[in-house]
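One structure below.
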There are 2 protein chains.
Amino acid sequence: MPKRQSRSNDRRRDILQAALRAFTEHGLSATTVEMICEGSGASVGSVYHHFGNKIGVATALYQQGLEEHFDALHARATAAEDARGVIAALIESFIDWTTENPDWARFIFAVRADMMQSEAAEKLTAANKERVKALRDLLAPHVEQGHIRQLPFELYQPLIHGPVLTYVRAWLAGRTASAPTEHRETFVQAAWRAVGNE
Amino acid sequence: MPKRQSRSNDRRRDILQAALRAFTEHGLSATTVEMICEGSGASVGSVYHHFGNKIGVATALYQQGLEEHFDALHARATAAEDARGVIAALIESFIDWTTENPDWARFIFAVRADMMQSEAAEKLTAANKERVKALRDLLAPHVEQGHIRQLPFELYQPLIHGPVLTYVRAWLAGRTASAPTEHRETFVQAAWRAVGNE
DNA sequence: TACTTTCTAGAATAGGATTCTAAATGCCAA
DNA sequence: TTGGCATTTAGAATCCTATTCTAGAAAGTA
């Protein structure tokens, strides 16, 4: 690996890490670019060189998080053996990623709206479409085989993910005593009752 | 009603309305206080007099929306005749309020995180505790009578509301073809399957 | 080594939130 | 009705911070 790239990547990574710490502590709008510089050792110019602007830093963090999570989810769901296994994979990989990266997850939930109003909105929407399509492909065969109820597609995500999503958000906000990991089975079961055919 | 108060209230109302329009169009951070002034006819001083700062305006809008929605929900749930009726009331009043006030609802979802990092966080959290408690009181008798499954309390909200909540968010973001009103029964049924005892 | 591209620094600029002072308005008591 | 007090409004001045800009350092290339 060439030295320049590696130094450059290090800087990028340091900036992202410092930014996540700052966003976590102060929130997106209250963290200043200066804080990010102090936390990362980078200069203002460097931050702008790599990310364009403050929202650019947030966007990179956001995108990268979604990708990382989705890749894990996809791998797991693909490996599942039956319909219920796919559902379980979706829910459990969500629980795992968010509990392993609570700050990152909290950040993503917090800024989703801001992202969708930023310049990057289009790009993010496109990437999201891809992921939705991939999900559709994961479910389709099981729907055809009658193991999952036939429903308007846009209902699957809410019915399957809605409860965990809501619970995880509450947990990340500190409004919940027990961690999501303790209710895996409850959420899988609820999802299965909602969309499974049995 | 004294004239002064009424003029003052009018101004408050005008500012809030203009602010919601601006927030809807540009997002919280991109709307300037000047936009709010132009949209409402109020001066900078007036806005600051009534709301303290820009986030203060957003906070008022946020609080007022939650209250309005909760009052409707509570009235409806109280009037319900059985356990399933309570569940249905929770879900349907949520659907109704959000579809009747889409901009307001979209705003509330978008800024929840910002609110929780503002000065008003404590106050908002306290108000929320009240509402959660009221919900608990609504469900408790039916749990005791065995019509609703006994579960850790913090699971009810996700299991009951999670799916609609997720769907409504998607709909408000334009990611959904059909309105939530068309799936009332689906969501009530899913909630009932998740927590009902039958 | 000379030349090009990428990256970093940090000072200068610009935009907008917030503060501040003065004035207008409304209320109340005499 | 008037004078005094509290509330509300105006808008200019201030301050903070995102962003831009220019110069120079570092790395890559031939």
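Note that this is a predicted model, so its numbers are computed, not measured. Numbers restart at 1 for each chain; the letters A, B, ... are given by sequence-line order, proteins then strands.
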d([atom1], [X]; [atom2], [N]) in whole Å:
{"X": "A:I15", "N": "C:dT8", "atom1": "CD1", "atom2": "C1'", "answer": "10 Å"}
{"X": "A:N53", "N": "D:dT19", "atom1": "CG", "atom2": "P", "answer": "5 Å"}
{"X": "A:F51", "N": "D:dT20", "atom1": "CZ", "atom2": "P", "answer": "16 Å"}
{"X": "A:H49", "N": "C:dT5", "atom1": "NE2", "atom2": "P", "answer": "14 Å"}
{"X": "A:R11", "N": "D:dA26", "atom1": "CZ", "atom2": "P", "answer": "13 Å"}
{"X": "A:E119", "N": "D:dT19", "atom1": "CD", "atom2": "C1'", "answer": "12 Å"}
{"X": "B:H26", "N": "C:dG16", "atom1": "NE2", "atom2": "P", "answer": "11 Å"}
{"X": "B:M35", "N": "C:dG16", "atom1": "CE", "atom2": "P", "answer": "7 Å"}

Give me the atom names and distance for the closest heavy-atom approach of A:I148 to A:I87. CD1-CD1, 4.1 Å
For the side chain of B:R11 and the backbone of B:S46, is there at least one donor-acceptor N/O pair under 3.5 Å apart? no
Side chain of [X], heavy atoms from C-beta onward: which of [options] has the nearest atom to it?
{"X": "A:V33", "options": "C:dG10, D:dA18, C:dT19", "answer": "D:dA18"}
{"X": "A:K54", "options": "D:dT19, D:dA12, C:dA17", "answer": "D:dT19"}
{"X": "B:S43", "options": "C:dT8, D:dA10, D:dT20", "answer": "D:dA10"}
{"X": "A:H50", "options": "D:dA18, C:dC7, C:dG16", "answer": "C:dC7"}

Do you know which of B:I36, B:I15, B:V33, B:L61 makes side-chain contact (heavy atoms from CB on, under 4.5 Å) with B:F51? B:I15
About how many Å separate CG of B:L165 and CD of B:Q157, when rounded to the nearest 0.5 Å? 7.5 Å
